[in-house]
Trainee: 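First the structure, which I've put down as structure tokens, then a few questions once you've had a look.
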Amino acid sequence: CNLQPKDAAKMPESAWKLLFYTLSWSYGIYLLFFTDYPFFYDPPSVFYDWKKGMDVPTDIAIAYLLQCSFYGHSIYATAYMDTWRKDSVVMLLHHVVTLTLIAFSYAFRLCWGKLRWVSCLSWDPCGPLNPPCSLCPGRFWFRLYWFPLKVLYATCYSSLQSVPNIPFYFFFNALLLVLTLMNIYWFLYIVLFVAKVLMGQMQEVNDVREYDVEDSKKT
């Protein structure tokens with residue numbers, strides 16, 4: 001493809017994420033819109049008739065396995081394989097928080113993890129924040145609008161209405177709020193990118209999270 005060495009070095013990371021996010025996003029679409037689960041249109045429904053030790057449907061279990069495997073791998077990949085960026089520490093924290101949410105929600109048969117599929121539509125085929133893909137309105141719409149409106153509302157409020165003494169309420173909601181703060185943090189990077197483009201400070205499309213050449217040498 002006649003890529004520059006810097007871009008060629010990042011190609012495996014981008015290609016892998018393109019493959020995974022395509023499969024993950026497609027399966028999320030299937031669960032949300034082509035099954036009988038009302039998660040998207042009625043997020044509080046994940047807490048209806050909740051019981052300890054309840055069975056997990058096979059298709060939901062597959063979703064858990066898929067996501068757990070990816071985020072478990074992503075912790076290692078971010079630390080040792082991917083290009084190190086200014087937000088890599090935050091990315092590591094994101095993967096740890098997400099993996100904890102998924103694993104614990106499955107272990108305790110809670111539904112917090114299933115609600116993550118409501119926000120899976122904010123698909124980013126180029127990775128977490130690589131422009132110009134991140135400028136898609138979907139990132140803001142799903143992660144900063146629908147995620148709080150549907151997911152946080154269901155977990156913070158509706159969960160107590162359906163299961164008054166639901167276990168680990170503060171634990172799971174604290175982790176979900178941490179994810180929300182991270183979404184705001186990455187959105188600020190997008191605002192910075194747009195501002196630099198509008199002010200003519202950026203002659204070509206670059207990831208604003210990446211270190212300059214001199215900074216990279218110091219790092």
Side-chain angles (χ1 to χ4, degrees), residues 12-50 54-75 77-78 82 91 94-95 97-106 109-156 158-159 162 172 175-176 178-180 182-184 186-187 190:
E13 175 188 351
S14 297
W16 157 243
K17 289 178 178 177
L18 173 63
L19 173 63
F20 174 79
Y21 289 137
T22 299
L23 296 175
S24 175
W25 186 80
S26 299
Y27 192 59
I29 291 294
Y30 163 74
L31 287 178
L32 291 175
F33 300 111
F34 295 95
T35 64
D36 294 330
Y37 300 123
F39 300 156
F40 186 79
Y41 299 105
D42 185 20
S45 64
V46 300
F47 298 105
Y48 298 165
D49 301 321
W50 175 83
M54 62 190 300
D55 294 332
V56 178
T58 301
D59 51 2
I60 296 294
I62 291 174
Y64 272 104
L65 177 62
L66 183 69
Q67 294 291 319
C68 250
S69 300
F70 175 74
Y71 283 104
H73 159 76
S74 293
I75 293 174
T78 300
D82 297 344
M91 188 67 70
H94 171 274
H95 296 336
V97 169
T98 302
L99 185 62
T100 302
L101 272 170
I102 296 172
F104 275 75
S105 67
Y106 183 86
R109 295 301 190 265
L110 291 170
C111 306
W112 316 91
K114 287 194 290 186
L115 279 169
R116 291 199 72 256
W117 290 94
V118 172
S119 61
C120 79
L121 297 180
S122 55
W123 178 55
D124 191 343
C126 297
L129 193 68
N130 291 350
C133 300
S134 295
L135 299 182
C136 174
R139 173 171 286 272
F140 171 82
W141 186 258
F142 290 102
R143 297 194 180 192
L144 296 181
Y145 178 71
W146 269 356
F147 184 79
L149 184 66
K150 290 180 175 288
V151 178
L152 294 184
Y153 177 80
T155 60
C156 293
S158 301
S159 60
S162 300
F172 283 107
L175 293 182
L176 288 171
V178 169
L179 289 182
T180 303
M182 292 182 187
N183 287 334
I184 296 173
W186 278 308
F187 180 71
I190 297 176

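The figures here come from the full heavy-atom set of this structure, side chains too, leaving out hydrogens, waters and symmetry mates.
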Trainee: Within this structure, what is the CG-CZ distance for the pair Leu32 and Phe39, rounded to the nearest 0.5 Å?
Mentor: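 Separation between the atoms: 8.5 Å.
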Trainee: Are the side chains of Leu179 and Leu101 in touch, meaning some heavy atoms are under 4.5 Å apart?
Mentor: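 The answer is yes; the side chains approach within 4.5 Å.
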Trainee: How about Trp16 and His73: do any of their side-chain heavy atoms sit closer than 4.5 Å?
Mentor: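 Side-chain contact under 4.5 Å: yes.
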Trainee: Please list, chain by chain and in numerical order, all residues satisfying side chain to side chain contact (heavy atoms under 4.5 Å, CB included) with Leu99, sequence neighbours excluded.
Mentor: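 Leu99 satisfies side chain to side chain contact (heavy atoms under 4.5 Å, CB included) with Cys68, Tyr71, Ile75 once adjacent residues are dropped.
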Trainee: Indicate the atoms forming the closest heavy-atom contact of Ser24 with Gln67, along with that distance.
Mentor: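 Residues Ser24 and Gln67, closest heavy atoms: OG-NE2, 2.8 Å.
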Trainee: So, using side chain to side chain contact (heavy atoms under 4.5 Å, CB included) as the criterion, who are the partners of Leu144 when residues are at least two apart?
Mentor: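 With neighbours one apart ignored, the set is Phe140, Asn183, Ile184, Phe187.
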Trainee: Heavy atoms only: give me the nearest Leu31-Ala63 pair and the separation to one decimal.
Mentor: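 So the minimum-distance heavy-atom pair works out to CD1-CB, 3.8 Å.
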Trainee: What distance do Trp186 atom CH2 and Met91 atom CE have between them, rounded to the nearest 0.5 Å?
Mentor: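 So the gap between those two atoms works out to 4.5 Å.
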Trainee: Taking only residues two or more places apart in sequence, or in another chain, which ones meet Thr78 in a side-chain hydrogen bond (donor to acceptor under 3.5 Å, both in side chains)?
Mentor: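 With neighbours one apart ignored, the set is His95.
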Trainee: Report yes if some heavy atom in the side chain of Met182 is under 4.5 Å from a heavy atom in the side chain of Thr98; otherwise report no.
Mentor: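 They are not in contact (no side-chain heavy atoms under 4.5 Å apart), so the answer is no.
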Trainee: Does the Ser105 side chain pair with the main chain of Ile102, one donor and one acceptor, at a distance under 3.5 Å?
Mentor: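 Yes, because the side chain of Ser105 sits within donor-acceptor range (under 3.5 Å) of the backbone of Ile102.
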Trainee: Could you tell me which residues satisfy side-chain hydrogen bond (donor to acceptor under 3.5 Å, both in side chains) with Tyr106, sequence neighbours excluded, listed by chain and number?
Mentor: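 Here no residue qualifies.
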Trainee: Could you walk me through whether Ile29 and Trp25 pass the side-chain contact (heavy atoms from CB on, under 4.5 Å) check?
Mentor: CA-CA 6 Å; Ile29 291 294; Trp25 186 80; 4.0 Å; yes
Trainee: So which heavy atom on Phe40 is nearest to which on Lys150, and how close?
Mentor: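 Smallest interatomic distance, heavy atoms only, reads O-NZ, 2.9 Å.
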Trainee: Would you list the pairs meeting side-chain hydrogen bond (donor to acceptor under 3.5 Å, both in side chains) in which at least one residue belongs to residues 33-42, sequence neighbours left out?
Mentor: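 Every side-chain hydrogen bond (donor to acceptor under 3.5 Å, both in side chains) pair that includes a residue of residues 33-42, provided the two are not neighbours, is Tyr37-Asp59, Asp42-Tyr48.
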Trainee: Over 60° means perpendicular and under 30° means parallel, so classify the ring planes of Phe172 and Phe104, tilted if in between.
Mentor: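 Rings of Phe104 and Phe172: perpendicular, as their planes differ by over 60°.
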Trainee: Which heavy atom of Thr180 sits nearest a heavy atom of Phe147, and at what distance?
Mentor: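 Distance-wise, the nearest heavy atoms are OG1-CE2, 3.2 Å.
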Trainee: Distance from Leu23 atom CG to Tyr21 atom OH, nearest 0.5 Å?
Mentor: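 Rounded to the nearest 0.5 Å, the CG-OH separation comes out at 12.5 Å.
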Trainee: Which pair of non-hydrogen atoms, one from Phe47 and one from Ala154, has the smallest distance, and what is that distance?
Mentor: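 For Phe47 and Ala154, the tightest heavy-atom pair comes out as CE1-O, 3.5 Å.
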